[in-house]
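Following: one structure in structure tokens, then a few remarks.
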Amino acid sequence: MQTTLSPERLAELHAEGRAQAAKCRFVDPDVVAELKRLLRERGENWAASVLLRSLERRAQGRSVSHLPYLYDGEMETLILAEAAELEQLAQAAGGGA
């Protein structure tokens, strides 16, 4: 699965994700839980298409070694991208009726 968002929209989401991450020094456990759900449902190919990079490198630590290594703001970017895709689908469905 690949993202349906435009490169311009992805750039906006990347900036917004970095801004959200910068607000807190610590990783929000709710964001991690949402990330795990996203990766399970949409897959790493989708996440790689949103982040515009390979996700082969794995996170360090036994409890997260199954997750890809993500830079600051990328968890938030993925969550924002899912919301943007859902909004895009809703607009398309509403516009087609």
Side-chain angles (χ1 to χ4, degrees):
M1 175 186 293
Q2 299 289 317
T3 186
T4 58
L5 300 171
S6 70
E8 295 81 12
R9 184 67 176 126
L10 288 174
E12 292 170 4
L13 295 174
H14 281 252
E16 192 175 336
R18 284 190 300 274
Q20 283 185 7
K23 291 179 184 177
C24 184
R25 293 180 16 179
F26 304 102
V27 175
D28 183 341
D30 292 332
V31 172
V32 174
E34 184 67 10
L35 170 71
K36 288 179 179 181
R37 182 196 64 78
L38 274 175
L39 291 175
R40 190 174 51 251
E41 291 178 7
R42 292 188 173 250
E44 286 190 24
N45 288 336
W46 174 82
S49 73
V50 169
L51 298 175
L52 304 170
R53 68 178 185 86
S54 169
L55 296 180
E56 291 180 15
R57 182 176 170 197
R58 307 321 285 175
Q60 300 297 311
R62 278 188 274 172
S63 64
V64 293
S65 63
H66 62 286
L67 296 174
Y69 181 86
L70 298 174
Y71 296 103
D72 289 345
E74 288 186 335
M75 286 189 290
E76 292 83 357
T77 299
L78 291 170
I79 293 167
L80 291 168
E82 182 192 40
E85 283 191 358
L86 293 174
E87 181 180 320
Q88 184 175 281
L89 283 172
Q91 287 177 354

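More than 12 heavy atoms of other residues, nucleotides or ligands lie within 6.0 Å of CG in Asp28, so this atom counts as buried by the packing criterion. Glu41 CD: more than 12 foreign heavy atoms inside a 6.0 Å radius.
In terms of modelled atom types and a separation under 3.5 Å, the side chain of Glu76 and the main chain of Glu16 share no donor-acceptor contact. A donor-acceptor pair is defined here as one N or O able to donate and one able to accept, closer than 3.5 Å; such a pair exists between the side chain of Arg58 and the backbone of Leu55.
Shortest non-hydrogen contact noted between Arg9 and Leu5 is CG-CD2, 4.2 Å. The two residues Ala47 and Leu39 come nearest to each other via the heavy atoms CB-CD2, 3.8 Å. A pairwise comparison of heavy atoms in Ile79 and Leu35 identifies CD1-N, 4.5 Å as the closest pair.
No continuous path of hydrophobic side-chain contacts links Val50 to Leu89 [ILVMFWY only; heavy atoms under 4.5 Å]. A continuous path of hydrophobic side-chain contacts links Val27 to Leu67 [ILVMFWY only; heavy atoms under 4.5 Å]. Linking ILVMFWY residues whenever their side-chain heavy atoms come closer than 4.5 Å, directly or via other members, leaves Tyr69 and Leu52 in distinct clusters. Note on Leu13: it clusters hydrophobically with Met1, by side-chain heavy-atom contacts below 4.5 Å among ILVMFWY residues.
Looking at heavy atoms from C-beta onward, Glu74 lies out of side-chain contact with Leu78 at the 4.5 angstrom threshold. Under the 4.5 Å side-chain criterion, counting only non-hydrogen atoms from C-beta, Gln20 is in contact with Leu80.
One distance of note links NZ of Lys36 with NE2 of His66; it measures 5.0 Å at 0.5 Å rounding. Leu51 CG to Tyr71 OH: the interatomic distance, rounded to the nearest 0.5 Å, is 10.5 Å. If you take CG on Leu10 and NE2 on His14, they are separated by 5.0 Å, rounding to the nearest 0.5 Å.
Salt bridge Arg42/Glu85: present, at least one basic N to carboxylate O contact under 4.0 Å.
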